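Take a look at the structure set out below.
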Amino acid sequence: MAIPLFDIKEQHRRLENDLTAAFVRVLQSGQYILGPELEAFERETAAHLQVAHALGVSSGTDALLLALMALDIGPGDEVIVPAFTFFATAGCVRRLGAVPVFADICPSSYNLDPEDFKKRITPRTKAVIPVHLFGQSAEMDAILSIAREAGIAVIEDTAQSFGARYKGRFLGGLGDFGAFSFFPTKNLGTLGDAGLLTTNNDALAEKARILRVHGMNPKYHHPMIGGNFRMDALQAALLRVKLPHLEGYNQARQRNAAYYTKHLARLPGVRVASLPHNGHSCEDIADERTQILLPVALPDNDCIWNQYTIRVIGEGRRDALKTFLTEKGIGSEIYYPVPLHKQSCFSDIVPHALQLPESERISRECLSLPIFPELTESQLANVVAAIAAFLEESAKPR
Ligand SMILES: *Cc1c(COP(=O)(O)O)cnc(C)c1O
């Protein structure tokens, strides 16, 4: 049985009538960019996420860029970002001429280490971008209080965490801005590119709204320089069909994650990663017998499992498991193989001696398994059986 890492076709097949009706509605409306369909979507997402303002934009990347532009971030400024994340988090900072300053992560959550973030604040620091990676909240209480004390803005990279909560509150509404993506592989994915920018700050929302259309206000008058960050009416209409189903999708992912954790944790050499102590310790619990560490959902945090990312311990072992799974027809992916401070495009701005040991280690150990909502129990069982076979094979004396 071939099991892909991700397959959206079944999800969309079940919604085919509604998606088709939405398409026809937009087709016949004659309005294809912004407009009433997007405004309705913005109202619905703002209500869902319990934020004051939600702006539909062209992508998650552009949501981040727009947030940085609305905060006037540019040359001479520094923005602190975790080194272990998707490229866009840091790429947007650099595109504006500012410098992304890389901080390390906590290996149990894969998210920004608040203590390391604090150490990297300088008089030039304007903002921090905590990423809620793989569907799990960064440690927002600690991050927000450090940022508040330092007087710097907080942009939540919520691309992978639409609908996830931290202490009961939806992610994306905790900092100054939340940047979401509707790329097809995200928990709320559309049939193309789209994103969302959220904020509870009226003035920032108004500025971002103007920047979204080339800094134009009123028509053909440009008090600022923005860009084309507009969202298509079609994507809004399609996402309006999917939004009411999101909670069900997220619950299915949580069930799948619970299945993996329950069944994988029984295998010899497999352990669940330990929770950080005092909210922000980065203790590592792997001992010499540990071969695989399973991801853990931190307390106070409603993880929605955009990825189920295990750590495979030992030189070359992660790649060996990936190859083994591929041979069995099981998809997996390395999110992410190169930490951002090691990307060649940043070599001119990263201090030569910079070491971020957790980000570097996790990049070597991480492997994401299929977790999408429509997986069946027998598919999940097959993934577990394949990993059991891998461990058994490698336990044999050679
Ligand atoms: C997907 C993603 C983005 C970018 O979103 P796009 O819609 O693809 O531009 C940014 N940050 C993270 C962490 C992501 O996963």
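Quick note: residue numbers are just sequence positions, from 1. All of these numbers come straight from a predicted model, not from anything done at the bench. For ligands, and for the atoms within them, numbers begin at 1 and follow the listed sequence.
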For a quick check under 3.5 Å, do [X] and [Y] share a side-chain donor-acceptor pair by atom type?
X: H132; Y: D157; value: no
X: Q235; Y: T190; value: yes
X: T261; Y: Y308; value: yes

Sub-3.5 Å pairs, protein N or O with ligand 1 N or O:
| residue | atom | partner | partner atom | Å |
| --- | --- | --- | --- | --- |
| ligand 1 | 5 (O) | S181 | OG | 3.3 |
| ligand 1 | 7 (O) | G60 | N | 2.8 |
| ligand 1 | 7 (O) | S181 | OG | 2.6 |
| ligand 1 | 9 (O) | G60 | N | 3.4 |
| ligand 1 | 9 (O) | T61 | N | 2.8 |
| ligand 1 | 9 (O) | T61 | OG1 | 2.5 |
| ligand 1 | 11 (N) | D157 | OD1 | 3.3 |
| ligand 1 | 11 (N) | D157 | OD2 | 2.8 |
| ligand 1 | 15 (O) | Q160 | NE2 | 2.7 |
| ligand 1 | 15 (O) | K186 | NZ | 2.6 |

State yes or no: are the ring centers of F134 and Y335 separated by less than 6.0 Å? no
Using the rule side chain to side chain contact (heavy atoms under 4.5 Å, CB included), only one of Q11, K9, E10 pairs with D7; which is it? K9
With sequence neighbours excluded, tell me which residues meet ring-ring contact (aromatic ring centres under 6.0 Å, His included) with F372. none
